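All remarks here apply to the structure that follows.
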Amino acid sequence: MNALSRRLRLALTVTAVLLLAGGSLGYVLHARHREQPPGQRADASFRLEEPGLYFRDTAGGRVARQPGAGLPRVTGGPSCDRFHTAGDHALCLRKLPGVPARTEALVLDRGLREVRRVTVPGIPNRARVSASGRILSWTTFTTGDSYNTAAFSTRTAILDLRTGYLIKSIEQIPLTLGGARHHDSDVNYWGVTFAADDNRFYATVSTRGATHLVEGDLRAWSAKALRENAECPSLSPDGARVAFKKKVSDDPRAPWRLYVLDLATMREQPLAEPHSVDDQAAWLDDSTLAYALPGQDGRTSDIWSVPADGTGPPRLLVPGGSSPASVG
């Protein structure tokens, strides 16, 4: 082979390699683009550093901020089906396309940059971040899509950002019910809420046809039932009370009522919200709760607030919103 032929073959080989490399790079970039379309990401100017009420805007599915009463909402957050934020992090749950149902749990920092991504089975249902922002929990429906039926199953995870340790399901936590260890294949947990020490937590457990408020200990890896008929707990900022929804009727259209439980006395107080609340309420401060109710069109939801002591009427905070979280 003469020198000209060798140079020609070398040039063809180099060209082929470059084309292959370029094609691979293009595929990688396309795949990354496909994984997180622009509509799902937050705008560069939208961050969690401004005070206000953050929530999911039901019109577009993106996180928005209500700076204050009478002020226009600020849009541009990421697309989420469920959202919560506290401390230095936020949790965004998204339902992925396809069958079977899967959920993408995105952990974001205050600039809404991705910190961690976890894919789990089921439909997004509940999302919570501890006050410090270091412990997160989410619940998905793995069977069914409503608590108001016997044919449902949930999976609840807890993620510790301090260690990176993920508990994919808390169903195996040793449970004390009625003073004795409880074992049953029908145990379901949902609606975790964290204490300020990032160790103690509260949640709902369902077993043998009843729901219970449980108190859990992450370090000791144990849980005990405190009382029956309490769902979707939310611990107050001062750690003294738990808001929850209580089943008060067998009417499937209005089964629940919003209550607050004093943990020291175990006395419960019904709140002035007359409608059935199927939500994990959020504390705006030590005296006020926010929650979502179905909108008048039956397709969207609105965010309402009510005093936590049972006095005062409900007040509309945000039309067309859900997943409220207050940032001071």
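Because the structure is predicted, anything quoted here is derived from the model rather than measured.
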Does NZ belonging to Lys95 count more than 12 external heavy atoms closer than 6.0 Å? yes

Minimal heavy-atom distance between Pro324 and Leu53, with the atoms involved, is CB-CD1, 4.0 Å

I need the Ser206 OG to Asn188 CG distance, nearest 0.5 Å. 6.0 Å

Enter the distance from Asp285:CG to Ser326:OG here, rounded to the nearest 0.5 Å. 7.5 Å

State plainly whether the residues Glu50 and Arg65 are in salt-bridge range, i.e. N to O under 4.0 Å. no

Taking atom CG of Leu48 and atom NE2 of His89, what is their separation to the nearest 0.5 Å? 10.5 Å

Side-chain contact, heavy-atom cut-off 4.5 Å: Asp186 with Arg208? yes

Between Arg134 and Asp197, does any side-chain N to carboxylate O distance fall below 4.0 Å? no

Residue set satisfying ring-ring contact (aromatic ring centres under 6.0 Å, His included) with Trp190, at least two apart, ordered chain then number -> Tyr147, Phe152

Say you draw a straight line from CG of Leu91 to CG of Leu106; how long is it, rounded to the nearest 0.5 Å? 8.5 Å

Do Thr156 and Thr139 have a side chain donor and acceptor closer than 3.5 Å? yes

For Ile135 and Arg162, run side chain to side chain contact (heavy atoms under 4.5 Å, CB included): C-alpha distance rounded to whole Å, both residues' side-chain angles, the deciding distance at 0.1 Å, then the answer. CA-CA 8 Å; Ile135 312 291; Arg162 298 168 300 184; 3.4 Å; yes

Pick from Arg267, Arg227, Arg241: which one makes a side-chain contact (heavy atoms from CB on, under 4.5 Å) with Leu261? Arg227

Worked check of side chain to side chain contact (heavy atoms under 4.5 Å, CB included) between Thr154 and Phe141: CA-CA 5 Å; Thr154 60; Phe141 276 120; 3.9 Å; yes

Would you give the length of the straight line joining atom CG of Leu271 to atom OG of Ser305, rounded to the nearest 0.5 angstrom? 11.5 Å

From the list Arg257, Lys247, Arg126, Arg253, salt bridge (Lys or Arg N to Asp or Glu O under 4.0 Å) partner of Asp278 resolves to Arg126

Apply side chain to side chain donor-acceptor pair (under 3.5 Å) to Ser45 and Asp43, showing your working. CA-CA 5 Å; Ser45 60; Asp43 296 345; 5.3 Å; no

Is it true that Asp279 and Lys245 have a side-chain N and a carboxylate O under 4.0 angstrom from each other? no

Take a 6.0 Å sphere around CZ of Arg181 and say whether it holds more than 12 heavy atoms from other residues, nucleotides or ligands. yes

Give the minimum heavy-atom separation between Gly310 and Ala272, together with the two atoms involved. O-CB, 4.0 Å

Heavy-atom closest pair, residues Thr140 and Pro121: OG1-O, 2.8 Å

Could you check whether Arg117 pairs with Glu104 (Lys NZ or Arg NE/NH1/NH2 to Asp/Glu carboxylate O, under 4.0 Å)? yes

Arg200 and Tyr202: side-chain donor and acceptor closer than 3.5 Å? yes

Does any non-hydrogen side-chain atom of Asp184 lie less than 4.5 Å from one of Thr207? yes

Would you say Leu293 and Asp302 make side-chain contact, with heavy atoms under 4.5 Å? no

Looking at every heavy atom in both Ser169 and Arg155, which two are closest together, and how far apart are they? CB-CG, 4.0 Å

Residue pairs meeting ring-ring contact (aromatic ring centres under 6.0 Å, His included), one or both in residues 257-297, sequence neighbours left out, come to Phe244-Tyr259

Looking only at heavy atoms, what is the nearest atom pair of Val306 and Glu273, with distance? CG2-N, 4.1 Å

With a 4.0 Å cut-off on N to O distance, would you call Asp198 and Arg219 a salt bridge? no

Does Glu114 come within less than 4.0 Å of Arg41, counting only side-chain N to carboxylate O? no

Would you say Thr211 and Val205 make side-chain contact, with heavy atoms under 4.5 Å? no

Enclosure of Gln172 CD (heavy-atom neighbours >12, cutoff 6.0 Å): no

How many angstroms lie between CD1 in Ile158 and CD1 in Ile170, if you round to the nearest 0.5 Å? 5.0 Å

